[in-house]
Protein chains: 2
Amino acid sequence: MTYDPTVYPQFAVTVDLVALTLRNGALSVLLVERGEEPFRGTRALPGGFVRPDESAADAASRELSEETGLSIFPGYVEQLGTYSEPDRDPRMRVVSIAYVAFAPDLPEPVAGTDAAAASWMSVDDVRDLGFDHDTILADAIERVRSKLEYTTLATNFVTDPFTIRDLQCVYETVWGTTLDRANFRRKVLGTTGFVEPVDGVTTATGRRGRNAQVYRPGRAESLHPPILRAPM
Amino acid sequence: MTYDPTVYPQFAVTVDLVALTLRNGALSVLLVERGEEPFRGTRALPGGFVRPDESAADAASRELSEETGLSIFPGYVEQLGTYSEPDRDPRMRVVSIAYVAFAPDLPEPVAGTDAAAASWMSVDDVRDLGFDHDTILADAIERVRSKLEYTTLATNFVTDPFTIRDLQCVYETVWGTTLDRANFRRKVLGTTGFVEPVDGVTTATGRRGRNAQVYRPGRAESLHPPILRAPM
DNA sequence: CCAAAAGTGTTAGCCGTACACCCATGT
DNA sequence: ACATGGGTGTACGGCTAACACTTTTGG
């Protein structure tokens, strides 16, 4: 035992953000192009250092606002996991706490702000991110896919008055499958607290076809029974 | 923007361990009694600093071996989450990565080693741990309860040749419920890859009643369909 | 009228639940 | 013989999957 624990080692601690949304019918992630070494010119997940007086969750929320250019980020954020391989950053020892954010379709980041370098990209087109961010992104995608099964997470991908069909599109896009319309409707409406109807019809304009009832998110957070995707 | 990101702040990084096992028919956790401030004399989760050249997962495995006094820890370890509130350690800024370990019943930690101060305690009897360890333990218990539903985690709580009944006891103990014996058996055997039969009967000695077929863990890691506990 | 989308009905099969029953073993 | 625990059978209710049908709206 040659290790002296009274002198504890020092680490830099960062947050990395996997902000997910649905854009153009594809699950999309917010990426930045790095302006400095290492990995200058390659894409990476947004993120930054945790400050001495804030929690990692606070740092994640702060960075999300800065990177999207929105004063308050309108989605749901949860911790994904922590990545701590000694060589994951070539400069120094960095431990990074990754967060996943789920948001409805957001405006394109505005030039002239911190968010200028940020842009949305379909997760199917993402390859060769800097650091270990390919791994982090893969973990985040697996997280969102499985959380759709047994939580009401899907409501975080649509804006407040939404239709059952909107919800179905979330499931179909994230899972890459198709679902039976009638059965999906019954399943959602049969789960108390998943959605609540708003007493007014919608989308009377522009579209063909009958107008749809609109809903808001309900109070439930977990689904009993779950909505299972096909066993593969 | 008065923050200078070129001078990144320094943190201490630790791992905290929630080692769970089944002892005397109760879900039990490994605890240590702290020998120094802060929280001297109170119980806490085992853990320690991450060293400069190891990942957090390596640190978790190393600490588990040291605290249990076993050269190799015979269970399954996974990351639980990271706890980073600025005031969670009164001495300094510490970010702690928590791990959960699931193990079959292990021998009592041996005196005269690092593990001397460690002991198993039923989670129902645990209160007032130091730091934020009550929160971490609660998160770990919720994790194990939900992972029983949709993964083969239960096999990590029993030693290699086990019976279906042994598995059922894991579920009943962790969930605090009772399950129908016949239906549980069919569910387990009907899930391909959950368990594999060993061609020999068992426990011919000591017990009353018919001898039970013994099984080993299968290759599957996830359960389709899941074994759902009652909706509460 | 036709197309498109929302909403409802219906049926057959599967699965979960509950419980009864038989088999093997030790006292 | 009997108690104890392993293993099997079965019948019923509910849920799911698949698909047909009706209703509403725009072109």
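Values below: all heavy atoms of this structure, side chains included; hydrogens, waters and symmetry mates excluded. Predicted model, so just to flag it, every value in this text is computed and none were measured.
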Go through [options] for me and flag the one nearest to the [X] side chain.
X: A:Arg186; options: D:dA18, D:dT10, D:dT25; answer: D:dA18
X: B:Arg208; options: D:dG5, C:dT27, D:dT25; answer: C:dT27
X: B:Arg207; options: C:dT17, C:dC19, D:dG5; answer: D:dG5
X: B:Ala182; options: D:dT8, C:dA18, D:dT24; answer: D:dT8

Which whole-number value in Å describes the distance from [X] [atom1] to [N] [atom2]?
X: B:Asn211; N: C:dG26; atom1: CG; atom2: C1'; result: 10 Å
X: B:Leu228; N: D:dC15; atom1: CG; atom2: C1'; result: 13 Å
X: A:Gln213; N: C:dA5; atom1: CD; atom2: C1'; result: 15 Å
X: B:His224; N: C:dC15; atom1: NE2; atom2: C1'; result: 16 Å
X: A:Ile227; N: D:dT16; atom1: CD1; atom2: P; result: 9 Å
X: A:Phe184; N: D:dA17; atom1: CZ; atom2: P; result: 12 Å

- Looking at A:Phe102, A:Tyr76, A:Phe162, which hits ring-ring contact (aromatic ring centres under 6.0 Å, His included) with A:Phe157?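 Only one of A:Phe102, A:Tyr76, A:Phe162 forms a ring-ring contact (aromatic ring centres under 6.0 Å, His included) with A:Phe157, namely A:Phe102.
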- Between A:Arg181 and A:Arg210, name the one whose nearest nucleotide on DNA chain D is closer to the 5' end.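 It is A:Arg181, whose closest nucleotide lies nearer the 5' terminus.
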- Message: Using heavy-atom distances to pick each residue's nearest nucleotide on DNA chain D, tell me which of B:Val214 and A:Pro226 is more 5'.
- Response: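 Looking at DNA chain D, the more 5' nearest nucleotide goes with B:Val214.
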- Message: On the nucleotide C:dT8, are OP1 or OP2 found under 4.0 Å from the side-chain N or O atoms that A:Arg185 carries?
- Response: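 Result: yes.
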- Closest-nucleotide ordering on DNA chain C, the 5'-leading residue of A:Tyr215 and B:Pro225: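 Nearest-nucleotide comparison on DNA chain C picks A:Tyr215.
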Is the side chain of [X] donor-acceptor paired with the backbone N or O of [Y] at a distance under 3.5 Å, no angle test?
X: B:Tyr99; Y: B:Ala57; value: yes
X: B:Ser122; Y: B:Ser28; value: no
X: B:Glu63; Y: B:Pro46; value: no
X: A:Thr163; Y: A:Val214; value: no
X: B:Thr191; Y: B:Leu223; value: no

- Is it the case that B:Tyr83 and B:Asp16 place a side-chain donor and acceptor less than 3.5 Å from each other?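 There is no such pair (donor and acceptor under 3.5 Å, judged by atom type) between the side chains of B:Tyr83 and B:Asp16.
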- Task: State whether the distance check finds a donor on one side and an acceptor on the other, under 3.5 Å, for side chain B:Asn183 versus base C:dA18.
- Result: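 By the distance-only test, yes, there is a pair.
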- Within residues 148-180 of chain A: residues closer than 4.0 Å to DNA chain C (heavy atoms):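 Within residues 148-180 of chain A, the residues near DNA chain C are A:Arg165.
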